[in-house]
Amino acid sequence: MNALHELKEKFRPIISTYVESDAGQIDVMLGMIRPAGDPKHGDFQANFAMPLGKRAGKPPRDVAQTIVDQADLSAICQNVEIAGPGFINLKLDDDWIKQNLKAALADEKLAVASVAAPRNYIVDYSSPNVAKPMHVGHIRSTVIGDALTRVLNFVGHQAKSDNHLGDWGTQFGMILYGYKHFRDQATFDADPIAELSRLYRLVRKLIDYHGSKAKLPELKSALAELETQLADLKKQQSGTEEKAALKKIKKEVSQVGKRVTDAKEKLEKATTSISSVEGGELAPVAAEHPDIGTAVLLETSKLHAGDTENRDLWTEFLPVCKQDMQTIYDRLSVAFDMELGESFYNDMLGTIVDELEAKGYARQSDGAMCVFLDDFETPMIVRKKDGAFLYSTTDLATIKYRMENFDADACLYVVDHRQHEHFEKLFAVAKMWGYDEAELKHVSFGTVMGKDGKPFQTRSGDTVGLAGLLNEAEKRAGEIAKELNEGISADQLAENARVVGIGSLKYADLSQNRSSDYTFDYEKMLALKGNTAAYLQYGYARVQGILRKVEVDPVPLRSQPVDFEFATDVERALAVQLLRFEEALSDVLIDYKPNLLCNYLFDLGQTFFKFYDQCSLKDTESETLKSSRVQLCDLTARTIKTGLSLLNIGVLDKM
RNA sequence: GCCCCGGUAGCUCAGCUGGAUAGAGCAACUGACUUCUAAUCAGUAGGUCGCAGGUUCGAAUCCUGCUCGGGGUGCCA
């Protein structure tokens with residue numbers, strides 16, 4: 001049930017007479033029907049009379065009146081008013097609301113209609129690099145992709161999730177090199193994950209060290225040059241009085257000043273990297289492996305070329321690494337329909353490049369095979385001059401595979417917004433290549449920033465490990481649960497801590513508009529008060545508490561309901577909010593924004609708590625009113641539970 | 001240089017296909033647990049929506065310029 005949708009359909013034929021056959025305009029006008037901004041204006045408002053009035057050269061209020069007279073709204077609305085310059089305020093009819101509440105009550109899926117045109121979706125998310133420790137940044141892609149897949153399926157699409165693992169990249173070269181030169185066999189036998197992860201970090205550190213060392217003189221001279229440039233500019237600035245010239249110099253000073261800061265930061269990073277090795281026990285190791293950077297690349301290319309030793313090691317390492325990630329996924333209750341990593345596409349890459357070349361889309365440039373695109377300065381490189389393929393090649397192979405094997409109508413890539421340009425190029429090439437029917441969409445999300453306003457470091461420094469974050473979330477939820485529930489069993493406490501702690505962590509991410517960067521804040525991520533999963537879970541638990549206390553079984557009422565009664569305004573408000581669930585889900589899918597579902601659920605929670613405050617179930621005047629309220633409670637709980645389940649967040653009967 | 005994002009309350013953020021008085025949460029302050037669970041509720045305070053123009057009956061939202069911050073920018077992913 002979607003009141004907004006039904007209202008639009010009521011107005012559609014009338015609007016179409018105003019804008020003639022311009023179908024796009026009809027939808028624009030119908031889009032101007034929206035939930036009322038203020039409850040005193042009713043439940044919905046239509047704002048199309050103003051532009052239509054202008055178009056027809058008539059006063060908007062008159063146009064509004066004519067449209068309202070023509071539309072048959074009597075079944076849906078009990079009150080239609082024209083206000084201000086020509087707003088049409090619509091108030092839903094109580095009987096219509098009650099009837100639809102009954103339909104929701106009787107339906108497993110709360111009367112959420114399936115979409116008219118189901119599509120095949122592939123949702124590509126999480127996609128961590130195997131063998132690199134997962135960190136807090138990975139949670140965003142994972143929870144957003146998971147939620148979108150669930151919402152898509154719930155409304156009737158066929159959505160499959162794919163974890164496009166980075167299981168074929170340079171990081172494996174690092175591990176291979178580390179394993180061959182630095183492994184501690186005993187540790188590896190006992191705990192391969194820990195040892196591989198140590199080796200990865202060690203090799204990473206050595207590469208950084210040599211890289212920094214090589215770049216140091218260059219960085220120093222670059223900084224010195226910028227500093228003299230800055231000093232000159234400042235001298236010029238003090239000697240200039242003419243306004244326009246001064247403004248110009250000031251701008252340059254600020255720009256160069258910024259570059260100086262950047263250069264300083266780079267230099268500092270390099271020196272830190274160097275000093276962390278030099279003088280320590282790693283110094284001799286570093287000295288023994290001066291060419292580790294190129295050696296690692298060699299290991300990678302040997303792997304890709306089919307070298308037996310490296311292939312065997314890769315085959316041995318991969319399951320170990322995957323198992324490590326699996327423990328995180330298990331804790332998040334995330335499962336994928338498929339996990340076709342980069343390695344899966346390896347054999348297809350050569351053919352694809354050949355095909356692109358044969359069709360004239362790709363050509364050699366500086367030794368590399370490139371696809372040049374009109375709208376981009378730089379080409380998309382599909383094969384390096386050393387013959388190796390890149391992720392763009394793999395991504396093309398992935399598109400081809402998905403189109404051919406899954407008949408995909410749409411592919412969603414839930415990936416950090418820093419890859420924006422990569423995807424624009426990728427989609428442009430795919431289109432050129434013939435895959436121009438499917439919707440290819442980069443569902444980008446903002447970067448997780450540190451408190452310093454810079455993106456979270458992943459290579460060095462203290463990243464917040466995912467496992468540690470999950471532990472802390474459960475710990476904090478557990479402490480509160482213990483405090484509030486005397487005599488709770490250890491099992492229940494653990495379950496409560498898990499559901500609330502992990503749920504709130506996910507919700508913290510999902511409730512934010514995905515496109516914004518966000519500052520990582522331990523306290524906010526783990527908060528259990530205010531707009532959090534715990535708030536909604538608490539609302540659910542409260543309903544269960546009420547139902548236990550009043551000793552009314554809501555289940556029979558689902559198929560044999562009493563008539564709803566709105567004894568107070570808040571009951572009606574709760575009812576209307578409950579009927580907006582489908583609207584919220586369809587809003588989520590317009591631009592793939594799960595935060596809109598969070599917003600909806602939070603609004604529902606707030607309305608419910610108001611209802612809870614004002615409407616007693618224990619002391620109702622009549623049995624029918626009591627049953628009506630039980631029905632509202634039941635629907636609220638089920639809507640919260642269903643909504644949270646679409647975000648892959650659980651609920652508890654007691655908190 | 002060029003290209004993308006972003007700047008909204010002390011903090012973290014919603015709202016952005018133009019709509020009526022710009023909203024939450026946190027933090028602060030006041031009040032509500034002998035009452036269906038206080039992980040809650042009621043209330044107070046807090047804003048030149050980065051700046052300046054423009055379009056419009058109407059702009060946080062669209063356009064232009066400026067400014068500040070982040071990111072990307074041929075052989076990493």
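So that the names make sense, note that chain A is the first sequence line, chain B the second, and so on, each numbered from 1.
Listed by first then second residue, pairs satisfying ring-ring contact (aromatic ring centres under 6.0 Å, His included) with a partner in residues 498-518 of chain A number zero, not counting sequence neighbours. Residue pairs meeting the side chain to side chain donor-acceptor pair (under 3.5 Å) criterion with at least one partner in residues 532-543 of chain A, sequence neighbours excluded, are A/Y538-A/R542, A/R542-A/Y612. Under the salt bridge (Lys or Arg N to Asp or Glu O under 4.0 Å) criterion, the residue pairs touching residues 503-520 of chain A are A/R140-A/D509, A/R514-A/D591, with sequence neighbours excluded.
Under the side-chain contact (heavy atoms from CB on, under 4.5 Å) criterion, A/K549 pairs with no residue, sequence neighbours left out. A/L484 pairs by the side-chain contact (heavy atoms from CB on, under 4.5 Å) definition with A/I480, not counting sequence neighbours. For A/E571, the salt bridge (charged side-chain N to carboxylate O under 4.0 Å, His left out) partners are A/R629, not counting sequence neighbours. For the side-chain contact (heavy atoms from CB on, under 4.5 Å) test, residues two or more places apart in sequence or in another chain that qualify with A/V543 are A/L547, A/F608, A/C633, A/A637. Annotation: salt bridge (charged side-chain N to carboxylate O under 4.0 Å, His left out) contacts of A/D167 (sequence neighbours excluded): none.
Ring pair A/Y345/A/H164: centre-to-centre distance below 6.0 Å.
Look at the C1' atom in both B/G69 and B/U55: the space between them is 28 Å, to the nearest Å. As rounded to the nearest Å, B/U12 and B/C75 have C1' atoms that lie 40 Å from one another. With C1' as the reference atom, B/G54 and B/A22 are 22 Å apart, rounded to whole Å. Comparing the P positions of B/C63 and B/C5 gives an interatomic distance of 10 Å, to the nearest angstrom. The same atom, P, is picked in B/A42 and in B/G25; the two are 9 Å apart, to the nearest Å. Using P as the reference atom, B/G10 and B/U48 are 8 Å apart when rounded to the nearest Å. Rounded to whole Å, the C1' atom of B/A9 lies 10 Å from the corresponding atom of B/C49. Comparing the P positions of B/U61 and B/A52 gives an interatomic distance of 13 Å, to the nearest angstrom.
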Taking distance alone, no hydrogens or angles, what donor-acceptor pairs closer than 3.5 Å link side-chain atoms of residues 373-390 of chain A to residues at least two apart or in another chain?
residue: A/T378; atom: OG1; partner: A/K425; partner atom: NZ; Å: 2.8
residue: A/D386; atom: OD1; partner: A/A388; partner atom: N; Å: 2.9

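Residue A/N513 places at least one side-chain N or O closer than 4.0 Å to OP1 or OP2 of B/G15. Checking the phosphate oxygens (OP1, OP2) of B/A39, no side-chain nitrogen or oxygen of A/N496 falls inside 4.0 Å. Between A/K425 and the phosphate of B/U73, there is no side-chain N or O to OP1/OP2 separation shorter than 4.0 Å. Here A/Q171 does not reach the OP1 or OP2 of B/C76: none of its side-chain N or O atoms lies under 4.0 Å away. Contact between the side-chain N/O atoms of A/R542 and the OP1/OP2 oxygens of B/A38 is found at a separation under 4.0 Å. The phosphate of B/C36 (OP1 or OP2) has no side-chain N or O of A/K549 nearer than 4.0 angstrom. Considering only side-chain N and O atoms, A/R383 lies nowhere under 4.0 angstrom from the phosphate OP1 or OP2 of B/C75. The shortest distance between the side-chain N/O atoms of A/Y612 and the OP1/OP2 oxygens of B/A42 is not below 4.0 Å.
One can place OH of A/Y507 at 16 Å from P of B/C13, the figure rounded to the nearest angstrom. Put simply, CG on A/D613 is 14 Å from P on B/U35, counting in whole angstrom units. Between A/L426 atom CG and B/A77 atom C1' the separation is 13 Å, expressed in whole Å. Atom pair A/F602:CZ and B/C13:C1' shows a separation of 12 Å (rounding to whole Å applied).
Among the protein residues, A/A481 comes within range of the nucleic acid bases, having at least one heavy atom under 4.0 Å from a base atom. Among the atoms of the strands shown, only primed sugar atoms or phosphate atoms (P, OP1, OP2) are found under 4.0 Å from some heavy atom of A/N531.
Applying the 3.5 Å distance criterion, the base of B/A20 shares a donor-acceptor pair with the side chain of A/N89. Put simply, the side chain of A/Y538 and the base of B/A39 share no donor and acceptor less than 3.5 Å apart.
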List every contact pair, protein side and nucleotides 56-62 of chain B side both N or O, where the distance is under 3.5 Å.
residue: B/C57; atom: OP1; partner: A/K54; partner atom: NZ; Å: 2.7

Check nucleotides 5-12 of chain B against the protein and report each pair of N or O atoms closer than 3.5 Å, with its distance, or say if there are none.
residue: B/U12; atom: O2'; partner: A/K524; partner atom: NZ; Å: 2.7

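A donor-acceptor pair is defined here as one N or O able to donate and one able to accept, closer than 3.5 Å; such a pair exists between the side chain of A/Y600 and the backbone of A/Q577.
Where RNA chain B pairs in unbroken runs of 3 or more (Watson-Crick or G-U, both distances under 3.5 Å), the stems are B:1-7 with B:67-73, B:10-13 with B:23-26, B:28-32 with B:40-44, B:50-54 with B:62-66.
Listed nucleotides B/A42, B/A39, B/G15 differ in distance to A/L484; the shortest reach to its side chain belongs to B/A39.
Ion pairing between A/K654 and A/E495 fails under the 4.0 Å rule for side-chain N and carboxylate O.
Nucleotides of RNA chain B nearest to A/Q45 and A/Q419 differ in position, and the one nearer the 5' end is that of A/Q45.
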